[in-house]
Amino acid sequence: MFVALSIVLMTMDHRHQHIESLRAGLSVVIYPLQMIVELPGAAYSWFSESLATRRHLQEENASLHTQILMLKAQTQKLQSLEVENIRLRELLDSSFQVGQKILVAELLSANLDPYQHQIIINKGELDKVYAGQPLLDANGVMGQVVHVGPYTSTALLITDTSHAIPVQVNRNGIRTIAIGSGSINRLDLPYISNNADVRSGDLLTSSGLGGKFPPGYPVAIVKSVEHDPGQSFAHVTATPTARLDRSREVLLVWPGETHALKPAVSPSGDAPGANDPSMTEEKTP
Amino acid sequence: MTLARHHGGGVIALTFLLALLLTIIPLPEWLRYLRPDWVGLVLIYWCLAVPERVGVSTGWLMGLLVDMLTGSLLGQHAMALTIVAYLTLRFHQRIRLFPVWQQALTVLVLLVLHQLLALWVSRFIGRPGPPWFYWFPSLTGMVVWPLVFFALRSLRRGFRVS
């Protein structure tokens, strides 16, 4: 009887979304377990932070300062470019949205099934996380949220074998799909025709065509391109730019909710808030 | 009447809790693939020791929690552990009489069965076949079985779980 129940459960979980609420409920039950597992690591980082030497902190502070300075310089340029881009797109009559609502989430250290590329993050329904939400880290797209509980949610990485993401080659705009390979540092691009202009070293960015991922974020860098004359498609592999197995902090993005940088708001083109840093919608917990 | 006969349910629950924690505790990358199936081991022990208390339903419940913890398909481990618990109950009187090393071999068979059932399910929903070291957890499970056995037996005797 229990076997039958399990099979029914599995079918429902695989085919339908009916038992998302059951999953959400169970995720509250196992939340304390995950917290207990988290404890040693949290205690360790707390100790190492509170016992860090003054000199070490000063060094870190200095290096962070220089890093901020460099990033600031880069964003200055970016902002002017953004405005220019919007103006140009207005000329072309196409809408473009820059700047998205972002929330920083942290990974829970609990290990999952080593044969599936999933991670648990410490933000859930209470933080308005939704299933299908894109997940980024500092270097690129990481994956998307698949299950949402009240306090935690599970995300699928782009390298999982059941994951595919629409991408385009940054250099010339060729669109294709990158499919997870099951190994943490490789994506497969099975649908690139033999005569397409794709070289190793090309940056692949999200194309936004699937409607789930925001366009323009780096996804992977093409690693190898092999042409087999007998096949109609080339054999292309790519390396994800996001540090899928190392990032502790991840960014949750709400692609729909954008801030004031819409061309419709400032038809004259000199968007007033564009150069104001306070307008960038970046939320920290 | 049950209160008088049954004793030490808390200990059983605690050992299962510990097993669940060990299932998700972070390990170095190479050790992750060797992690024995702690919940399965603890389940087999209690099925052998107190078959009238721990059985198929406990196996199903624990399997469901394992499914949630490891992010697998809901019901996958639940089904596998249910079958493991059933088989253990079916043969518990025979397995109990075995010396520990022979028990370990039986445990190996049960753990391989657990993994096989889980593998069938994941193949059925279209996941690719795992590498050859997928089966290591059963072997490490067999190796740590004597440890689990003696530890839980001393616990059972200490707390007079019956």
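A note on names: the letters A, B, ... follow the listed sequences, proteins ahead of strands, and every chain is numbered from 1. Quick note: numbers below take in every heavy atom, side chains included, and nothing from hydrogens, waters or symmetry partners.
Here the CG atom belonging to B:Leu21 is positioned 11.5 Å from the CD1 atom belonging to A:Ile30, to the nearest 0.5 angstrom. Taken from CG in A:Leu33 to CG in B:Leu65, the straight-line distance is 7.5 Å, to the nearest 0.5 Å. To the nearest 0.5 angstrom, A:Gln34 atom CD is 11.0 Å from B:Leu20 atom CG.
Proximity to chain A (any heavy atom under 4.5 Å) is shown, for B:Tyr86, by neither the backbone nor the side chain. For B:Val121, the part sitting under 4.5 Å from any heavy atom of chain A is the side chain, from C-beta outward, and nothing else. Both the backbone and the side chain of A:Ser27 come within contact range of chain B, each with at least one heavy atom under 4.5 Å from a heavy atom of that chain. Residue contact with chain B, scored on non-hydrogen atoms closer than 4.5 Å, involves the side chain of A:Asp160 exclusively.
More than 12 non-hydrogen atoms from other residues, nucleotides or ligands lie less than 6.0 angstrom from CZ of B:Phe98. Counted within 6.0 Å of CZ on B:Arg90, heavy atoms from surrounding residues, nucleotides or ligands total 12 or fewer; the atom is thus considered open. Counting non-hydrogen atoms of other residues, nucleotides and ligands closer than 6.0 Å to OH of A:Tyr151 gives a total of 12 or fewer. More than 12 heavy atoms of other shown residues, nucleotides or ligands fall within 6.0 angstrom of atom CH2 in B:Trp135. In B:Arg153, the CZ atom is crowded: over 12 heavy atoms of neighbouring residues, nucleotides or ligands sit closer than 6.0 Å. Around atom OH of A:Tyr191, no more than 12 heavy atoms belonging to other residues, nucleotides or ligands sit under 6.0 Å away.
Nearest heavy atom pair, residue B:Thr70 against residue A:Gln118, reads O-OE1, 4.3 Å.
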